[in-house]
> 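What follows is a structure written as structure tokens; I'll ask about it next.
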Amino acid sequence: MSIYDTLNAEQREAVFHTEGPLLILAGAGSGKTRVLTHRIAYLIEEKGVNPWHILAITFTNKAAGEMRERVDKIVGFGAESIWVSTFHSTCVRILRRYIDHLGYDNNFTIYDTDDQKIVMKDVCKYLQIDTKLYKERTLLSIISSAKDEMVTPEEFALRAESDFREKKIAEVYREYEKRLRANNALDFDDLLLKTVQLFETQPDILDYYQERFRYIMVDEYQDTNTVQFRFVSLLAAKYRNLCVVGDDDQSIYKFRGANIKNILNFEQEFEHAKVIKLEQNYRSTSNILDAANAVISNNTARKDKKLWTDNGEGEKIRFRDFDTAYDEAEFIVGDIKEKVNAGSCTYSDNAVLYRTNAQSRMFEEKFVTANIPYKVVGGVNFYARKEIKDLLAYLKTIDNGKDDLASRRIINVPKRGIGATSISRIQENASEREISFYDALRSVDLIPGVSRGVTKVESFVALIEHFKQRAEEVSISQLMDEIIEAIDYYEYLREEGDVEAEARIENIDELKNKIVAYEESCEDGMPTLGGFLEEVALVADIDSLDENSDYVVLMTLHSAKGLEYPSVYLAGLEDGLFPSYMTITADDPMEIEEERRLCYVGITRAKKELTLTCAKRRMVRGETQYNKMSRFLKEVPVYLLSSGNVVMKEETDIPKQNAYMQAVQSFHAKAFETPKPIRQFGNAGGSSSSYDVGDRVRHVKFGEGLVTAIVAGGRDYEVTVQFDNAGVKKMFAAFAKLQKI
DNA sequence: GTGCCTGCTCACGGG
DNA sequence: GAGCAGGCAC
């Protein structure tokens with residue numbers, strides 16, 4: 001009996017096919033991680049491949065960690081020399097050794113989204129860009145896509161030709177690049193791009209890695225973008241032992257450049273590629289799977305496949321609709337509490353999934369009130385929090401003074417009386433002399449116009465120099481404590497924001513824990529400040545999920561990819577929220593298909609129980625929205641659903657819409673060609689406030705009148721009313737509070 | 001230089 | 001509803 005006997009025929013085929021390109025189309029829950037780990041074991045134990053020659057790439061550190069753990073379990077010897085890591089950390093490891101060939105220093109810093117924004121702000125100021133016409137966010141996302149597509153600033157400028165706007169953006173791109181380079185910094189996209197540039201310009205380095213990585217495996221292949229594809233192709237070009245695993249139905253990262261063609265055209269790109277489909281699902285009940293299959297079958301752009309399982313039917317899928325998002329959250333929280341109290345499951349068996357991070361707040365409130373342990377994944381990344389970034393900026397400045405953003409961040413935190421004017425003068429001086437911001441601080445007495453701040457700056461420099469000395473003598477955690485002490489950081493936080501201070505201090509404790517964990521994990525080498533900073537730069541929020549703790553997990557559908565739970569709640573299934581308003585109104589029908597794949601991902605996370613919920617009314621950015629139930633809900637066959645105690649009848653159009661909703665919809669049917677999410681108008685109470693052209697209405701001040709026109713404006717509807725005693729008035733529906741009579 | 005107020009904009013997803 | 005730039009008083 002060998003370990004491979006536990007695999008099914010297709011899985012075994014995938015494991016045994018070790019030479020040449022291989023595409024594994026692995027449906028949700030079809031055991032692809034099992035296949036990958038067994039394949040690694042097979043390569044080493046049966047094919048005699050040196051573990052040193054194996055590279056496995058995943059998307060998150062968490063996935064990498066899991067794979068590493070499972071590989072360690074089945075590979076007896078040499079597992080530690082296999083590279084299992086994310087695209088980004090793989091690239092960082094390569095760049096730390098060789099980026100000097102591209103004119104960077106090997107101890108470059110990595111800029112996160114916040115850092116990018118600060119640089120972009122500077123760039124716009126410098127180029128006198130009107131940030132009303134060109135928003136920083138937009139500019140950054142254009143640059144990001146350009147990098148994903150491997151378009152350099154020069155190429156971007158060429159493509160712009162005579163288009164004024166494009167030319168302007170090209171200028172911004174060039175300046176942004178210049179500044180990153182001057183700061184010896186790379187952004188996330190650069191990590192991939194620079195590695196590819198390195199490979200393309202340095203054949204000997206490429207050859208070294210091609211020889212090293214003779215067997216390459218890539219997980220979640222459907223979410224690779226162009227530059228990642230290029231990276232993998234280059235590495236695999238020599239030995240062609242490339243095994244990619246993916247599911248086109250789970251491609252949900254188009255917005256950050258994922259190119260679904262990478263998987264759809266794999267067989268054209270890599271000649272004689274073997275394709276294996278894994279269609280048996282080991283995760284879910286057949287009811288859940290049938291629902292997933294039914295939904296996804298509405299997509300046109302997909303490879304044909306159908307998941308099946310012999311897990312048995314299981315429970316029906318529960319469907320509940322509520323009046324408000326408040327009721328929805330209350331139901332889900334109460335339901336989980338009931339189940340756990342009855343002893344039928346633990347908290348950690350349950351996950352609540354939603355489309356947007358903003359939806360988490362309502363659930364958080366309810367979980368807190370119900371005293372249920374929970375964890376929200378996503379939202380603000382731990383390392384993006386102000387207090388954490390402040391302290392890390394101290395560490396960065398101490399570690400090497402080259403990161404201008406870090407030094408600038410902390411020079412006046414806590415307040416030292418060094419203001420914006422002094423800071424910009426110092427920055428200008430630093431740029432002129434082509435030295436770093438911190439080096440300029442050291443000779444601040446030579447900078448004209450900063451006389452008043454000189455002593456303050458000097459004492460800041462003395463502080464940093466002192467800690468540089470201490471960094472040589474004490475551990476990182478000790479250093480951290482000394483810094484917090486010296487700058488009286490807790491006191492500073494308490495003065496700043498009263499309510500949040502305690503939460504921030506808790507976060508700092510968490511940071512200290514992470515430092516200690518890093519120090520302990522470095523058994524092979526000395527823990528260094530630089531090493532720690534590098535590690536935290538690439539951490540994603542999802543990486544912090546801990547299976548051993550008992551809490552309910554709340555996260556977006558995007559974060560849930562690759563995870564599974566016995567019981568899943570899919571909340572907020574409303575047109576306008578999920579699928580999102582943007583995709584409904586988009587010209588490109590493919591956008592809805594991407595949303596549908598997201599829905600498919602959500603459904604297939606569930607092993608035993610799936611609960612779908614929606615609310616008629618919810619607050620979105622401060623205003624009440626009325627939404628129809630999601631079109632995806634209607635794609636789930638009615639016979640799979642149960643609604644409360646009553647099993648749904650086939651012919652019922654779910655849910656039964658109340659008179660108000662119908663009225664609102666008929667109004668919209670006239671206002672728009674296509675159905676759109678329904679927004680609030682008239683009074684918020686909702687029962688009988690709808691009116692139409694030709695209706696008699698009552699206004700609180702103007703009395704009674706006749707509605708003569710309703711025009712959709714940007715945010716609201718402009719209603720024209722012929723009042724009996726007050727003449728013709730035009731007013732916005734939300735404010736007018738007109739009552740139909 | 002700092003702190004407060006106001007008004008404006010933005011609101012999908014993430015390494 | 002939140003975060004931020006800009007204006008203003010101290």
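Chain letters run A, B, ... following the sequence lines, proteins first, then strands; residues in each count from 1.
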> May I ask you to decide whether A:Glu535 forms a salt bridge with A:Lys514, counting only side-chain N to carboxylate O separations under 4.0 Å?
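Answer for the salt bridge query: no.
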
> B:dG1 phosphate, OP1 or OP2: any side-chain N/O from A:Arg416 under 4.0 angstrom?
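Checking B:dG1 against A:Arg416, no side-chain N or O comes under 4.0 Å of OP1 or OP2.
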
> What is the distance, rounded to the nearest whole Å, between atom NZ of A:Lys386 and atom C1' of C:dG3?
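Distance check: A:Lys386 NZ to C:dG3 C1' gives 14 Å.
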
> Return the nearest nucleotide to the side chain of A:His88; candidates are B:dG1, B:dG15, B:dG13.
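From the listed options, B:dG15 comes nearest.
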
> May I have the distance from A:Lys117 (atom NZ) to C:dC4 (atom P), rounded to whole angstrom?
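It is 8 Å, rounded to the nearest whole Å.
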
> Whole Å only: how far is the CZ atom of A:Arg256 from the C1' atom of B:dG13?
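In whole Å, B:dG13 C1' and A:Arg256 CZ are 9 Å from each other.
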
> Check this for me: does any side-chain nitrogen of one of A:Asp115 and A:Lys389 sit under 4.0 Å from a carboxylate oxygen of the other?
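Judged by the 4.0 Å cut-off on N to carboxylate O distance, A:Asp115 and A:Lys389 do form a salt bridge.
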
> Atom CZ of A:Arg137 and atom P of C:dA2: how far apart are they, to the nearest Å?
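After rounding, the gap between these two atoms is 18 Å.
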
> Starting from C1' on B:dG15, measure out to CD on A:Gln228 and report it in whole angstrom.
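So the CD-C1' distance, A:Gln228 to B:dG15, works out to 9 Å.
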
> Would you say A:Glu595's side chain and A:Ser580's backbone share a donor-acceptor pair under 3.5 angstrom?
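Indeed, once roles are kept as given, a pair shorter than 3.5 Å links the two residues.
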
> Would you call A:Lys147 and A:Asp187 a salt bridge, taking side-chain N to carboxylate O under 4.0 Å as the test?
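Between A:Asp187 and A:Lys147 there is a salt bridge, with a charged N closer than 4.0 Å to a carboxylate O.
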
> What's the CZ-P distance between A:Phe59 and B:dG14, to the nearest Å?
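One finds 14 Å between P of B:dG14 and CZ of A:Phe59, rounded.
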
> Closest nucleotide of DNA chain B for A:Ser422 versus for A:Val377: which of these residues is on the 5' side?
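Counting from the 5' end, the first nearest nucleotide belongs to A:Ser422.
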
> Ignoring the backbone of A:Asn357, work out which of B:dT2, B:dG13, C:dA2 is nearest its side chain.
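Between B:dT2, B:dG13, C:dA2, the one nearest the side chain of A:Asn357 would be B:dG13.
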
> Of the candidate nucleotides B:dG1, B:dG15, C:dA2, which contains the atom at the shortest distance from the side chain of A:Thr60?
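The answer is B:dG15.
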
> Which whole-number value in Å describes the distance from A:Ile118 CD1 to C:dC4 C1'?
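It is 13 Å, rounded to the nearest whole Å.
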
> Check for me: is A:Tyr253 stacked on B:dG13 by the 5.5 Å centroid and 30° plane-angle rule?
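No; centroid distance or tilt outside limits.
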
> Between B:dG14, B:dT2, B:dG15, which nucleotide gets closest to the side-chain atoms of A:Ser559?
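Side chain of A:Ser559 sits closest to B:dG14.
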
> If you pin A:Val620 and A:Ile418 to their nearest nucleotides in DNA chain B, which one's is more 5'?
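Its nearest nucleotide being more 5', the pick is A:Ile418.
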
> Is the distance between the ring centroids of A:His558 and A:Tyr354 under 6.0 Å?
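No - the distance between ring centres of A:Tyr354 and A:His558 does not fall below the 6.0 Å cut-off.
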
> Of the options B:dG14, B:dG15, C:dA5, whose atoms approach the side-chain atoms of A:Lys121 most closely?
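Between B:dG14, B:dG15, C:dA5, the one nearest the side chain of A:Lys121 would be C:dA5.
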
> Measuring from the side chain of A:Asn412 (C-beta onward, heavy atoms only), which nucleotide among B:dG14, B:dG1, B:dT2 has the closest atom?
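Given the options B:dG14, B:dG1, B:dT2, the side chain of A:Asn412 is closest to B:dT2.
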
> Need one value for A:Phe87: base, sugar-phosphate or nothing, where a base atom within 4.0 Å counts as base even if backbone is also close, heavy atoms only.
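Nothing, no heavy atom under 4.0 Å.
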
> Of all the nucleotides listed (B:dG1, B:dG13, C:dA2), which has the minimum atom distance to the side chain of A:Thr556?
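Of the candidates, B:dG13 comes closest.
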
> Between atom CD1 in A:Ile423 and atom P in B:dT2, what is the gap in whole Å?
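Distance check: A:Ile423 CD1 to B:dT2 P gives 8 Å.
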
> Ignoring hydrogens and angles, answer whether the base of B:dG15 and the side-chain atoms of A:Asn61 contain a donor-acceptor pair closer than 3.5 Å.
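Looking at the base of B:dG15, it does not pair with any donor or acceptor on the side chain of A:Asn61 (distance under 3.5 Å).
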
> Any side-chain donor paired with an acceptor under 3.5 Å for A:Ser141 and A:Ser144?
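On atom types as modelled, these side chains do not qualify, holding no pair under 3.5 Å.
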
